[in-house]
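Beneath this line is the structure, given in structure tokens, with notes to follow.
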Amino acid sequence: MIDTTDKIIENRLRLQESKLKSLLEITKQLHHNFSLTNVTNSLFFLLKEQLGFEKFIIVYLDENWDFLLKENVKGKHEITSVIASCSRFTDITFIESSSDELLDEFTVVVPIFHEDKAIAYALLSGINQEQYSSKEIKENLEFVQTIINVIVIAIQNRKMVKMEIASQAIKKELEVASLLQNMLFPSDLPSNTRMDISAKYIQRHKIGGDYYDFIPLDDDNYALCIADVSGKGISAAMLMSNFQASVRTLFAYQHFDLDFLIKELNKTVIRSSKGEKFITFFIAIYNANTRELSYINAGHNYPILTNGKKYELLEKGTVGLGMLDELPFIHVGKRILPNNTTLILYTDGVVELTNKEGEYFEIDRLVKTIHSFYPLKMEDMNNLIFSKLDEWRDGNDLSDDTAIFSCRFF
């Protein structure tokens, strides 16, 4: 009798030692050189060889429900049917018999919860009701519940850590891209006896698809332009960066011919975007000696040309760049600018900004704001325009990148 008791105690101690070793091994695998295959192999050994379960299914929740382990299971069980069969269980439960075909194959359901949410279920077979009533088996089942909990939480946490690392890497890349993109905008806009030029640009996200530029061509000629890429995000920003480089390259070769320039830029956008995006673009060349402004508007918001009292919209041009392989028409507009004329270029983030009632800011309000503050320097006017835009949206998020490029010619 004593020998039998000693053997029982010895077996229990041996099992406890084995369970502890399994826990330590699985924990080690979870924290060092994580391998789901190694973890499931250790769990398989624990369930089958150490605890003696003959048949089992373990499912777990990651992004979706999936199988973690299967052993001696005949037929194909869909994950949805397993979850449907197990979802009503909240505690470890012995299955004496069940009308559920799946549950009837097993003897115990072990639900695993974390923060009141089911994250795994284990269906086990290999013990009878008498064994289930024993303290030892109950301890084993609670141990199985604990070890699966540890494994599933580790899997979920590991994925979250990977996602966080990836998110931080993307955030860093976007910060660098934003810095590089901002370097493409002109940093030294003139304010002298010939002209006063200022720009203000707010991106909706880290990087944007708006672009403006001021390019001195020679002692008397200056190029002014603004553009907006269809779409958002990195692809739009990359297309715009390539477009800006093309504009500057073409002007570097003294191509002051706007007709030629717009055709070449259309080819550039077609090659770069492969028909997936287009760019609206306004380009003007101003001769400070003759005071002539030549321009083409390629589908962009109509720039405002005003003397502070009357205004006109610069509409002549062509369709957006990249829409068609060949531009169907090109019209070059020309104006002689009287002293103290102002040209306001802007992107659709200005006029399409909505208030809480869903109303657009629209061009009439923009013109009214320009005329109200016309005597001001361009930088001050731009700041006041953005102040009016902030009042209009009244806490709403910006709907798009927003740029204003203001030019006064004395």
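Here the structure is a predicted model, which is why all the values come from computation and not from measurement. When a residue number appears, it is its place in the shown sequence, counting from 1. No hydrogens, no waters, no symmetry mates; every other heavy atom, side chains included, goes into these values.
- Ring centers of F243 and F281: under 6.0 Å apart, within the cut-off.
- D210 and T347 are linked by a side-chain donor-acceptor pair at a separation below 3.5 angstrom, with hydrogens and angles left out of the test.
- Nearest approach of S198 to N382, heavy atoms of both residues: O-ND2, 3.1 Å.
- A donor-acceptor contact closer than 3.5 angstrom is absent between the side chains of Y295 and N297.
- Remark: K277 NZ is packed, more than 12 non-hydrogen atoms of other residues, nucleotides or ligands lying under 6.0 Å away.
- Taking the six-membered ring for Trp and the full ring otherwise, the centers of F56 and F44 sit less than 6.0 Å from each other.
- In this view, E357 and N355, E359 satisfy the side-chain contact (heavy atoms from CB on, under 4.5 Å) rule, not counting sequence neighbours.
- Residues passing the salt bridge (Lys or Arg N to Asp or Glu O under 4.0 Å) test with R271: none are found, sequence neighbours excluded.
- Surrounding CD of E379 are at most 12 heavy atoms belonging to other residues, nucleotides or ligands under 6.0 Å away.
- In terms of the side-chain contact (heavy atoms from CB on, under 4.5 Å) criterion, residue partners of K356 (sequence neighbours excluded) are, by chain and number, D394, N396.
- For the pair K368 and D364, the salt-bridge criterion is not met [side-chain N within less than 4.0 Å of a carboxylate O].
- The SG atom of C407 lies 5.0 Å from the CG atom of L345; values are rounded to the nearest 0.5 Å.
- Atom CD1 of I58 sits about 4.0 Å away from atom CD1 of I148, to the nearest 0.5 Å.
- Remark: Y346 engages no residue in a ring-ring contact (aromatic ring centres under 6.0 Å, His included) (not counting sequence neighbours).
- The local environment of CG in N192 is crowded, with over 12 non-hydrogen atoms from other residues, nucleotides or ligands closer than 6.0 Å.
- Outside the 6.0 Å centre-distance limit, the rings of Y360 and W392 are not counted as a close aromatic pair.
- Residues satisfying the side-chain contact (heavy atoms from CB on, under 4.5 Å) test with E101, not counting sequence neighbours, are none.
- Using modelled atom types and a 3.5 Å distance limit, the side chains of N41 and N38 yield no donor-acceptor pair.
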Can you give me every donor-acceptor pair (side chain of residues 322-338, partner residue at least two apart or in another chain, under 3.5 Å) with its distance?
{"from": "K334", "atom 1": "NZ", "to": "S294", "atom 2": "OG", "distance (Å)": "3.3"}
{"from": "R335", "atom 1": "NE", "to": "E312", "atom 2": "OE1", "distance (Å)": "3.1"}
{"from": "R335", "atom 1": "NE", "to": "E312", "atom 2": "OE2", "distance (Å)": "3.0"}
{"from": "R335", "atom 1": "NH2", "to": "E312", "atom 2": "OE1", "distance (Å)": "3.0"}

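- In terms of modelled atom types and a separation under 3.5 Å, the side chain of S387 and the main chain of N383 share no donor-acceptor contact.
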Could you list the donor-acceptor pairs under 3.5 angstrom formed by side chains in residues 89-98, with sequence neighbours left out?
{"from": "T93", "atom 1": "OG1", "to": "D91", "atom 2": "O", "distance (Å)": "2.8"}
{"from": "S98", "atom 1": "OG", "to": "D100", "atom 2": "N", "distance (Å)": "3.0"}

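- Counting all heavy atoms, side chain and backbone alike, L46 lies closest to F143 at CD2-CE2, 3.6 Å.
- For the pair D228 (side chain) and T280 (backbone), a donor-acceptor distance under 3.5 Å is absent.
- Judged by distance alone, with hydrogens and angles left aside, the side-chain atoms of S81 form no donor-acceptor pair with the main-chain N or O of H77 at under 3.5 Å.
- Judged by distance alone, with hydrogens and angles left aside, the side-chain atoms of E264 form no donor-acceptor pair with the main-chain N or O of L261 at under 3.5 Å.
- With sequence neighbours excluded, no residue forms a salt bridge (Lys or Arg N to Asp or Glu O under 4.0 Å) with K138.
- One side chain, S191 or D196, offers a donor N or O that lies under 3.5 Å from an acceptor on the other.
- Considering only residues two or more places apart in sequence or on other chains, K55 meets the salt bridge (Lys or Arg N to Asp or Glu O under 4.0 Å) condition with E105.
- For the pair D257 (side chain) and D259 (backbone), a donor-acceptor distance under 3.5 Å is present.
- At least one side-chain heavy atom of R248 sits less than 4.5 Å from a side-chain heavy atom of I215.
- In this structure, K70 is positioned above the aromatic face of F67, its NZ or CZ under 6.0 Å from the six-membered ring centre and within 45° of the axis.
- Qualifying side-chain contact (heavy atoms from CB on, under 4.5 Å) partners for T342, counting only residues two or more places apart in sequence or in other chains: T306, I344, Y374, M378, R408.
- Judged as a salt bridge (Lys or Arg N to Asp or Glu O under 4.0 Å), and not counting sequence neighbours, K200 has no contacts.
- Within a 6.0 Å sphere centred on CG of N339, other residues, nucleotides and ligands contribute more than 12 heavy atoms.
- In the model, N221 has a side-chain atom that pairs as donor or acceptor with a side-chain atom of N287 under 3.5 Å.
- Checked by atom type and distance alone, the side chain of T354 never pairs as donor or acceptor with a backbone atom of G358 at under 3.5 Å.
- Remark: D220 does not engage R291 in a salt bridge, criterion side-chain N to carboxylate O under 4.0 Å.
- Between the side chains of T341 and N307, no donor-acceptor pair is found at a separation under 3.5 Å.
- Judged as a ring-ring contact (aromatic ring centres under 6.0 Å, His included), and not counting sequence neighbours, the contacts of F409 are Y286.
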